[in-house]
Amino acid sequence: MTPALVGHREHTAEPGEEWTKVQRKGRRHLNRHQHTTLDHSNGNIPGSKPRPSFLSASDIEREHRRITDQWGTSMCCRQLQQIVASRPSGPSITHAVCFGLGSFDPDDGSWESRRRAHVQLAAFRCMVGQLQRINANPIRCLFQEPIFNSADKEFIRGLGYEVVDSPEGFQQVSSSALVFGVHLYRDVYAQAIDKHPPAIFIGTPQEVWEECHGSGSLDWVKLKELDERCDKVKFPEDTGYTTFSGTTIHWRRWDNV
């Protein structure tokens, strides 16, 4: 069932959920050797050394295909498709910018981290694919993630997408953009919506920030403006995981173009 909107508002889950990261004791390599090719192109944190790649891009592609196939049969995927299909025509989406996806090849080899990145990418691609079919126009896709290593970048580029360095991703946000950023720091969100309210924004909503920090101390004018100009619907839960917990899809209303 598609979540209902009430007065352009949406009820979100309580954010007081405790987050636990399980550390693996050992690194399981999909290949017997470590891929140590380093990439000095855009996307690395200024002044830092590029992270080595433990997996190859083909390793990541195989894992992504497997996880996407599993997620594609889930209630989360079906509900997301219903939400996108149920939206009336609005601002045309010309490009989509994904922030802070995380690495598909984390240093600690964490299965939880890898799966989260793959599922979020699958959800991003699901939304973009549906919007392209609805609008009958191609959507340019960009990814800004400073912790991407060379294998991450090769994999993303192999899908036909662009990897950009900060602040290019922020500069690409416009009124015709889809912005996708799950569980990011406040300053990343602030930069993403600073100049233009995007047509679609997927991220932490104002009410969750207020519940965590208090409305009196939030003092975030741009987020409040975005909240007022959008219809909102809760992002479907990834059953058994916190992948999209406390995340909302903000759809800028047609009368606020």
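The chain is numbered in sequence order, starting from 1.
Residues N137 and S92 share a closest heavy-atom pair of ND2-OG, 4.4 Å. Nearest approach of C76 to W71, heavy atoms of both residues: SG-NE1, 3.5 Å. Closest heavy-atom contact between S103 and A117: O-CB, 3.9 Å. The two residues E145 and L101 come nearest to each other via the heavy atoms OE2-N, 3.2 Å. Listed here is the closest heavy atom pair of I93 and I139: O-CG1, 3.6 Å. Taking every heavy atom of both residues into account, R51 and N149 meet most closely at O-CB, 3.3 Å.
Note: Q206 CD to W220 CH2 = 9.5 Å, rounded to the nearest 0.5 Å. We find the CG-CD1 distance between L223 and I193 to be 5.0 Å, quoted to the nearest 0.5 Å. Note that CD of Q132 is 12.5 Å distant from CE of M127, once rounded to the nearest 0.5 Å. Note that the CG atom of L142 and the CD atom of Q171 stand 11.5 Å from one another [nearest 0.5 Å]. Atom CZ of R115 and atom CD of Q70 lie 8.0 Å apart (nearest 0.5 Å). Summarising the geometry, atom CG belonging to L55 is positioned 13.0 Å from atom CD belonging to E61; distances are rounded to the nearest 0.5 Å.
Contact of the C98 side chain with the Q144 side chain is not registered, since no non-hydrogen atoms from C-beta on lie closer than 4.5 Å. In this structure, the side chains of D227 and E207 come closer than 4.5 Å at one or more pairs of heavy atoms. Using a 4.5 Å heavy-atom threshold, the side chains of T243 and V182 count as separate. With contacts defined as side-chain heavy-atom distances shorter than 4.5 Å, the pair I202/L178 qualifies. You'll find the side chain of V97 stays beyond 4.5 Å of the side chain of V164, heavy atoms only. C141 has its side chain out of reach of L159: every pair of non-hydrogen atoms, C-beta onward, lies at least 4.5 Å apart. By the 4.5 Å heavy-atom criterion applied to side chains, R114 and D105 are not counted as neighbours. T248 has its side chain out of reach of T204: every pair of non-hydrogen atoms, C-beta onward, lies at least 4.5 Å apart.
Side-chain contact of S110 with S113: a donor-acceptor pair under 3.5 Å is present, judged by distance alone.
Ionic pairing of D238 and R116 is not present here: no N-O contact between side-chain nitrogen and carboxylate oxygen is shorter than 4.0 angstrom. Ion pairing between E63 and R66 holds under the 4.0 Å rule for side-chain N and carboxylate O. Note on R252 versus D231: no salt bridge recorded, every NZ/NE/NH1/NH2 to OD/OE distance being 4.0 Å or above. Salt bridge R140/E162: present, at least one basic N to carboxylate O contact under 4.0 Å.
A cation-pi arrangement is absent between R186 and W209, since the terminal nitrogen or guanidinium carbon is not both under 6.0 Å from the aromatic centre and inside a 45° cone about the axis.
Using a distance-only test at 3.5 Å, with no hydrogens or angles considered, a donor-acceptor pair links the side chain of R78 to the main chain of T73. No donor-acceptor distance shorter than 3.5 angstrom exists from the side chain of T68 to the backbone of R65, with no hydrogens or angles considered. Formation of a donor-acceptor pair under 3.5 Å by the N135 side chain with backbone atoms of L131 is found in this model. In this structure, the side chain of D59 engages the main chain of S56 through a donor-acceptor pair within 3.5 Å. Listed for the Q130 side chain is a donor-acceptor partner under 3.5 Å among the backbone atoms of Q81. No side-chain donor-acceptor contact under 3.5 Å links T242 to the backbone of S245. Remark: the backbone N or O of F170 is not paired with any side-chain donor or acceptor of Q191 at under 3.5 angstrom.
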message: Between I156 and L121, does the side-chain contact (heavy atoms from CB on, under 4.5 Å) criterion hold? Intermediate values first, please.
response: CA-CA 10 Å; I156 290 293; L121 175 59; 4.2 Å; yes

task: Go through the steps for V173 and K195 under the test side-chain contact (heavy atoms from CB on, under 4.5 Å), then give the verdict.
output: CA-CA 8 Å; V173 175; K195 298 187 184 303; over 6 Å; no

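Taking the six-membered ring wherever Trp is involved, the centroid distance between the rings of F143 and F124 falls below 6.0 Å.
Under the 30°/60° scheme for interplanar angles, the aromatic rings of H118 and F104 are found to be tilted.
Checking F180, Y189, W251, F235 one by one against F201, the ring pair (Phe, Tyr, Trp, His ring centres under 6.0 Å) holds for a single residue, Y189.
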